[in-house]
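A short write-up of the structure that comes next.
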Amino acid sequence: MFGGKHINVTAVRRKNQEITFLEVPRSDKTWVRKLRKVPLLRGLVSIIDASAKGSKHLNYSAEAYAEDELEPEERAKLAQDGGKKKEEGWSLGMMLGVAVMGILSFLFGKVVFTLVPVFVENFLFKNVFDHYIAHNLVEGVIKLILLLVYLWAISQTPVIKRLFQYHGAEHKVISAFEAGEELTVRNVQKYSRLHYRCGSSFMMLTVVLGVIIYSLVPWDTLWERVIQRLVLLPVVIGVSFEVLKGTNAVKEVPVLRYLGYPGLWLQLLTTKEPNDEQVEVSIASFNRMRELDAQIEASGYVEQPVNGILDPVKG
């Protein structure tokens with residue numbers, strides 16, 4: 001999946017080796033565009049929006065895989081009897097349902113990874129430290145360990161491993177494009193699967209900055225601590241987003257460039273080395289995105305660019 005200024009494109013290789021595309025215009029309501037300009041608040045808006053749209057694109061690839069697994073007769077019947085109905089369902093109810101599920105999944109995941117370390121730390125170290133900041137530091141370490149173990153565990157499953165390979169392929173394509181290389185499989189494969197502007201850095205920042213932000217507000221009881229975490233979670237997300245944008249802005253400064261390295265290290269788990277066929281699909285998606293972006297620009301119809309984590313090329 002690649003996001004341009006005006007359109008998001010996902011490419012999928014079908015069982016017959018054909019590459020098909022899901023092309024979704026990047027359009028926002030006026031009030032959403034206004035919120036994207038508000039510091040701190042724009043981070044929460046962008047992350048929730050990315051969760052909704054990302055779920056839609058993942059659902060498209062899952063549906064394509066499921067359709068390819070059907071028998072030829074079943075596939076033909078689906079195309080003949082259900083094609084139009086499926087298209088209508090996707091454009092109306094399914095798009096909304098998938099978006100809502102993506103948002104809820106993101107929020108649920110953030111709440112779980114925020115609160116579980118609180119209870120674990122309280123159970124193991126309740127009477128070990130006297131100061132709440134010490135508890136916060138240990139909580140941060142536990143949260144980081146849980147995050148790393150979780151990412152490592154899911155990366156061992158075939159489906160997620162393949163997803164992470166495509167993630168690495170996306171990074172390679174972006175790096176080759178930014179270096180001015182012709183986008184061929186051979187050229188793209190020369191580049192690292194790690195990329196400085198990857199959203200994986202956001203996860204690392206929420207852990208580190210969460211410890212700092214939570215330490216600004218004292219707490220006395222476990223439930224005060226839990227409520228504080230829930231109330232300050234949007235603040236942690238907003239601040240992490242702003243810091244991520246800041247580190248991206250100074251990445252060419254030799255000393256300050258190292259601020260983004262923890263995110264690069266995390267990508268050792270969230271990306272895998274892609275094979276040539278996966279790189280080929282990523283190149284096709286990227287080229288299709290650029291082609292459609294150019295067509296929209298030429299037509300004179302220009303939407304407000306989406307200010308995402310990986311702007312302006314990849315969202």
Side-chain angles (χ1 to χ4, degrees), residues 38-48 50-51 103-155 196 198-251 253-270 309:
V38 181
L40 296 181
L41 191 56
R42 62 187 174 187
L44 187 61
V45 173
S46 296
I47 296 301
I48 291 178
S51 299
I103 294 172
L104 292 177
S105 297
F106 165 75
L107 294 176
F108 177 77
K110 284 302 298 179
V111 169
V112 168
F113 269 98
T114 298
L115 296 186
V116 167
V118 171
F119 290 106
V120 172
E121 195 281 334
N122 183 75
F123 177 76
L124 296 177
F125 301 97
K126 181 178 181 179
N127 300 315
V128 177
F129 307 111
D130 294 328
H131 202 282
Y132 76 96
I133 291 182
H135 287 284
N136 289 351
L137 290 172
V138 175
E139 175 192 334
V141 172
I142 293 173
K143 185 180 296 184
L144 181 59
I145 292 173
L146 287 177
L147 175 63
L148 297 178
V149 170
Y150 170 75
L151 290 174
W152 176 83
I154 65 173
S155 69
Y196 200 89
C198 175
S200 298
S201 302
F202 176 79
M203 292 188 289
M204 182 67 75
L205 282 172
T206 58
V207 175
V208 176
L209 295 177
V211 173
I212 298 174
I213 293 172
Y214 295 144
S215 296
L216 298 177
V217 183
W219 50 266
D220 294 316
T221 68
L222 174 62
W223 294 111
E224 283 183 6
R225 186 178 182 183
V226 168
I227 293 172
Q228 181 207 82
R229 298 300 186 265
L230 294 176
V231 171
L232 291 179
L233 182 56
V235 178
V236 173
I237 292 175
V239 172
S240 298
F241 186 85
E242 299 300 326
V243 172
L244 180 60
K245 290 176 68 66
T247 58
N248 289 340
V250 300
K251 66 184 180 68
V253 180
V255 176
L256 297 180
R257 179 177 178 82
Y258 292 103
L259 293 173
Y261 274 38
L264 291 176
W265 298 333
L266 188 61
Q267 290 176 49
L268 294 173
L269 289 175
T270 61
I309 291 178

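Since we're looking at a predicted model, the values are computed, not measured. All residue numbers refer to positions in the sequence shown, counting from 1.
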Item to complete: Mind listing the closest non-hydrogen atom pair of Ser215 and Tyr132 along with its distance?
Response: O-OH, 2.7 Å
Worksheet item: What heavy-atom pair brings Leu146 and Pro117 nearest, and what distance separates the two atoms?
Response: CD1-CG, 3.9 Å
Item to complete: Answer whether the closest heavy-atom distance between the side chains of Gln267 and Leu264 falls below 4.5 Å.
Response: yes
Worksheet entry | Smallest separation among heavy atoms of Leu44 and Pro234, with atom names | CD2-CB, 4.2 Å
Practice prompt. Check whether any side-chain heavy atom of Glu121 sits under 4.5 Å from a side-chain heavy atom of Lys143, and report yes or no.
Written response: no
Discussion item. For a 4.5 angstrom cut-off between non-hydrogen side-chain atoms, does Leu115 reach Val226?
Written reply: yes
Discussion item. Within the structure provided, determine whether Thr206 and Leu233 are in side-chain contact (heavy-atom separation under 4.5 Å).
Written reply: no
Worksheet, complete the sentence: On a heavy-atom basis, the closest approach of Leu151 and Ile154 is O-CG1, 3.4 Å
Discussion item. For a 4.5 angstrom cut-off between non-hydrogen side-chain atoms, does Phe241 reach Val45?
Written reply: no
Worksheet item: Are side-chain heavy atoms of Leu148 and Leu266 found at a separation under 4.5 Å?
Response: yes
Fill in: Within-4.5 Å side-chain heavy-atom neighbours: Val235 and Leu40
no
Fill in: Trp219 to His135 - nearest heavy-atom pair and separation
CZ2-CB, 3.8 Å
